[in-house]
Every structure is written in structure tokens, then in C-alpha cells.
There are 2 protein chains.
Amino acid sequence: MRKPTIQDVARKAGVGVGTVSRVLNNHPAVKAATREGVMAAIAALEYTPNPHARRVAGGRSYTVSVMLPVLSTEFYTRLLSGLEAAFQEARYDVAIFPLLDRSRLERYLGSHTLAYQADGLVMATHDLTRLLRDRRTLTPQPTVLVDAHSPDVDCAFMDNVTGGRLAGEHAVKAPGAVYAMWVETELDQLFPARVFEDRRSGFLSALDRAGRPLATEVTSAFDTLAARNAAAAVLDRAQAEASGAPCTVFAAADLLASALLDEAHARGLRPGVDLRVIGFDDQPWAAARGLTTLHQPVEGMGHEAATLLLSRLNGYRGAPRARRFEPHLVVRDTA
Amino acid sequence: MRKPTIQDVARKAGVGVGTVSRVLNNHPAVKAATREGVMAAIAALEYTPNPHARRVAGGRSYTVSVMLPVLSTEFYTRLLSGLEAAFQEARYDVAIFPLLDRSRLERYLGSHTLAYQADGLVMATHDLTRLLRDRRTLTPQPTVLVDAHSPDVDCAFMDNVTGGRLAGEHAVKAPGAVYAMWVETELDQLFPARVFEDRRSGFLSALDRAGRPLATEVTSAFDTLAARNAAAAVLDRAQAEASGAPCTVFAAADLLASALLDEAHARGLRPGVDLRVIGFDDQPWAAARGLTTLHQPVEGMGHEAATLLLSRLNGYRGAPRARRFEPHLVVRDTA
DNA sequence: TTGTAGGCGTTATCAG
DNA sequence: CTGATAACGCCTACAA
């Protein structure tokens, strides 16, 4: 029960291996009839080309590596979906390298897999290009950044400043006082990121432009309990300072908004009536709870990053390209 | 600046490629002097063997695949460390496949990487052997289960029943009432796991053997806020039912124990004096907070799983082996 | 448009 | 012990 090889396919289809190879790499110069015969043989034998042999033969391995921080947050799940969809379409496999901690990074740097296996590399959130270059652990291979940007390489990133600005512009449409809840800057010192700083600066600029002050802002860890406490703190302030119009609270992540909704509910406050809430992320449950929030085209960003890399793999030479993605406001019941 | 090949090394060392290959695979039949010369050449050239070529020629790629559920919990980080350490020692690379959702599983099943790249497969927590066999997506390759068990394949697993029992035996050493906090059964229906059921059955059997009743038990989601609420519920009960002796609470996960400690503190209760707390996991912070808890040799389990797989890869044929690992109680201040 | 042959970097076999 | 040399599965000229 050996795995079938290109030889087997050629024999079965009654053609030469060269022809099989051509249909595999859909080379144009193959007669339609021949192609179909080969395809049939491939299907019959359940043949899959051996990527290692492909790689050795001088070509490519049709796999790319993706390095990203901790998985399991919705953002990275969606990002991975976007990337994988695009790569799969182009018949590329993806190898995942989660950067759980520093030692793992070291391990990857010395890894054969990173150095050899992949035809290209996508790095999410953290720009490690310089690090990799210094270590010269890998033959320079096409690289693309996603959810991060650098002038040196292709990148696809989310414009969190714009996201914050959109939230701010929506917030000031109502007369009440404005509050905000932020997330503490990233946990891991090794890989600083600045999404929340960006959201904040966009938000503040919008308020500023409207001549509106920010009443109070609180910062919370990215965890449900901390969020609930922060929500309570905000509502304490808001209720103490209550003027006529309902206040607006911008929660810079839906996790925070969820806690705020819970806390408001516990206090008998009706979101959308007694207070306005604007979230950020548009998590799956947001629609059900009527949360007005910012939707990020995360899959789209992943897809675009993959496309950028694929174009390089197909030989594109040119200056680094930057693709910016904008969140958009989804207005629902809470604001 | 082409990457050096085995040819380059052979030339530089003044030997044949066969010899270089032998030292690479540390074949015994190489004179020490020759070996050193080759090693020197390898170092000088910064040569690294091309795993794809190895695969094509010799049949093995020196990489293994690891399929596991969501990363980012401490347990899996430690598990991965144990696995990676052992594999790295044997000069194997590891490819990680996070099973974030069902669609991703489908994707993996059709993946070249899973089918070709790996010489072996380790599956954590979920036994997907049957699924893979049915799909026959891959040439049957050596497989090992870790944190799960099955009579059909090698496995290394944690004995949670024993862990629960140890907690129970420690709990009944003191006279007060006994309470327990459990974690809701796993979120994802696709991959049911039963760690908490096991911990519970061990715990209950110990109480039973000691002729002691369980006063009250509560179940919580695996999340800090839910845990805090559950902790409050337990303490409400405990304070209402208070007898003379301090009660004992077994929190089946340190996440729960942490919330319990917080809630106790908020109520002015002194752990270790006014109530006893036993956790489970021995998370990094447990020592600092003086938490009595169960330590699991997670890295050891990972290491052993890797060792089992490596022995298969080295040709071991024999009945499936099961390696059981036991948590042990770490007694600190809280109980 | 297609088949044949050489080569990719290693391992494995087989003489010496 | 070691050096040739034939695979390994595929791609890519080159020739037909």
C-alpha cells in the first residue's frame, strides 16, 4: 500500500511523467483531453504530490510558515482563517508557529522547519524581521507582516486609529458625558504591541475635534473579572456625575463592553436608553446583545496578507506594499 | 551564497558524502578522527542538512506533528515544552496543529503536512485515532496519545482520579465541613474530555472511604468572573452553615482556588485559619500565595509521550504502552 | 503538445 | 571503516 507516485499516475494515464507534472503545476501547454485523462488517473489513485520531492527538485514546497502570538483569541482564529483560506486556494499548506514565550522563539530560530520548510513567512502582530535577519537563521525568504507594519516588507494591518476615531465620532453624536474603558498594554514585554494606544488616540482626537471632554477613563486587564470591576468603577462615576442626558461609554474591546452590559443590567440600567455603549471587535455574540461596535475585517486582512505573499512567491519584485484595513461601525441598539 | 550541501562538507573535509551522511546520522562505523574532521567542516560551513532531501531519500523527515486543542493555557504550554524538549534532543522538529474548531480539523485532514511531512503524530487530550483511520488520509504513521488514553496506541496520561483522591484524603484530615468547586465540562462538544469528572470521582471516593459527606458543591465556567461568583456562592453557604471547625474547600483548578482566595480575603477570612483551601494545578503563582494544591508533572508527561513516539520511530514494535502520571500534593499554607 | 533524461540533496547499498 | 553509486519523487530543459 505504498503511496502512489507521479510514475504511477503517468503509467495509469498512459502518458509521460513530464505531462503529469505539467498538469500538476497547471502549465498551459497541455491538451485539454490529456489533462483530463491525467486528472482522472490522479483521482483514481488518490495521488497527492510529495511536497518534499517538489522542494528538492528545486522548486518549492508549497508550504508557508505563520508565526503568531498566543492563539485562542477570536482575533487570531479569524486571522488564521483568512490566511488559510487564501493559501489553501493557491494549494499551499501552512505551518503554524505559536510564539508562546521567549524560549519558544529561540527554538524556532534554530529550527529546520522555519529555515527550510517554508517558501515564505507571515508574521502576525510582531515585527521580527530584524531579529531574523540578524540571526541569519534563514535563507532570506519572502516575508509579509499582518496586523503590524514596517516600511521594509509587505504588510496588511488594521487601522486602529481610524477605529477609535469612528467610535469617537459616534460617541459625540449624543449630548451626554463620555467615558472610556481601555485594555492594559500587552502582557508580554517581549512583544509590545500598540493596538489600544492607537484606538485611544483616534478616539481622543475625535472628541477633541468635537470640542468634547472625556469625563473619565479606566484601564482594565483583558479578563472578564477585571473587566467587570472596571465597568463598576465607570458606572459609579457616571451615576455620581449624572447630568440630564444619558452618558456614552466607549469600551475599547467587546470583552469590556460585555462586562459593562452585565454591570448595567445588574444596576437596572437599560443600554441604549439610560446609557450608551460602544464596543470594539464585533464578536459573534455582539449582534445578539444589540451591541453597537466596530467590526474589523480580520479575515479580509489575513486574506490580503496571504495574497501579498503569494504574489512574491510567484515572482513579483517590487517595493514593499502596505495594505491598510479599516474597522467600520455597526450601529445596533446600545448606541 | 547558496546554502552549503553535503557535497560541500565532504569536499571540505576531504571525505566522501557517504561518510558525512554517516556522521550526520551518527552511525557507529566512523573513525573518531574522521568524525571530528567532518564535524569541523560542518561547523565551518554552518551546514544544516536539508530535511526535504532527507525525506525523499531516506523516508523520514525528522519532524513530528502535534495536534492539540487551543493553546495559551498553562497546561498546554507546559505540555508542549516537555514534548519539544524531548524531540529537540533527538533532533526532531515539531509541527503544531491547533484544533481551534471543527473546520480546522477538516483542513488538517486534507493537509499535505499532516499526511507527508511528519514521521509521527502526537495527539493531545483528544483521541482522534479512529477518525484518522476512517478517513485514511494518512499512511498509518506511529501515533501517541498524551493526556488521553486508549488501548490501541501508546499513551501517556495524567491520573486525575488519583489527583482527586489525594485532595480528598488531605481534606478529611481536618474536622470541618467539606465543600468543592468544579469546572463545567469542556466547552467544545466536538472534543469531550473528562479531566474534571475524574478529579471529582477520586475526590468523592476518598470522602466516602472516610465516611465524610460533601456539604455542597458548585460548578463554574473556566473563567475568572464565573469563578469569583462561584466562590462567593460557596462562602455564602459555608458561612451560613458554619460549625466550630473551619471548613475545607477543594477547588478543582487553581483558577477557582485563586478566586476563592480573593473572595475570602474580601470577606476578611484568613485562608489556612478560618477556612482551608486545596487547589489543583500548582500554577506558577501558587507558591507565592501559599496555596496547597496538586502539582502535575506535565512536562514529564510530554517528555514521556515524545519518548514513546521516538522509540516507535526507531523501529520498536510491540504492544501499545500506557504510561500513567500522578499528580502529587504540595502542602503549603492554605490547608 | 509530449516524452526523455538530467539533476536537486540525502540516504542506503556494496564493494573494497 | 570508507568511497562510489544507485535510488527517492519530482521538476525542467531539450528534443521530438
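Just the heavy atoms: all of them, side chains too, but no hydrogens, waters or symmetry mates, feed the values below. Throughout, a chain's letter reflects where its sequence line sits, starting with A, and its residues are numbered from 1.
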If you check the [X] side chain, which of [options] turns out closest?
| X | options | result |
| --- | --- | --- |
| A:V56 | C:dT1, D:dG9, C:dT10 | D:dG9 |
| A:T19 | C:dG3, D:dA7, D:dT2 | C:dG3 |
| A:I6 | C:dG9, C:dT10, D:dC11 | D:dC11 |
| A:A57 | D:dC8, D:dT2, D:dC10 | D:dC10 |

Worked check of side chain to side chain contact (heavy atoms under 4.5 Å, CB included) between A:M301 and A:V146: CA-CA 7 Å; A:M301 180 172 71; A:V146 61; 3.8 Å; yes

[N] [atom2] sits how many Å from [X] [atom1], rounded?
| X | N | atom1 | atom2 | value |
| --- | --- | --- | --- | --- |
| B:I42 | C:dT10 | CD1 | P | 10 Å |
| B:R22 | C:dA12 | CZ | C1' | 9 Å |
| B:H27 | D:dC1 | NE2 | P | 9 Å |
| A:D119 | D:dC11 | CG | P | 12 Å |
| B:H52 | C:dG7 | NE2 | C1' | 18 Å |
| B:R55 | C:dG9 | CZ | C1' | 15 Å |
| A:Y62 | D:dC11 | OH | C1' | 10 Å |
| B:Y47 | C:dG9 | OH | P | 10 Å |

Residue pair B:L313 / B:P142: nearest heavy atoms and the distance that separates them: CD2-CG, 3.8 Å

Over all atoms of both residues, closest heavy-atom pair of A:P4 and A:L45: CG-O, 3.5 Å

Phosphate OP1/OP2 of [N]: any [X] side-chain N/O under 4.0 Å:
| X | N | value |
| --- | --- | --- |
| A:R54 | D:dC11 | yes |
| B:T34 | D:dT2 | yes |
| B:N50 | C:dC8 | no |

Sugar-phosphate only, base, or nothing, as touched by B:V15 at under 4.0 Å among non-hydrogen atoms: sugar-phosphate

Closest-nucleotide ordering on DNA chain D, the 5'-leading residue of A:S21 and B:G18: B:G18

Whichever of B:P28 and A:L24 has its nearest DNA chain D nucleotide further upstream toward 5': B:P28

Salt bridge present between A:D119 and A:R55 (N-O < 4.0 angstrom): yes

Whether A:F87 and A:Y92 hold their rings parallel, tilted or perpendicular, with breakpoints at 30° and 60°: tilted

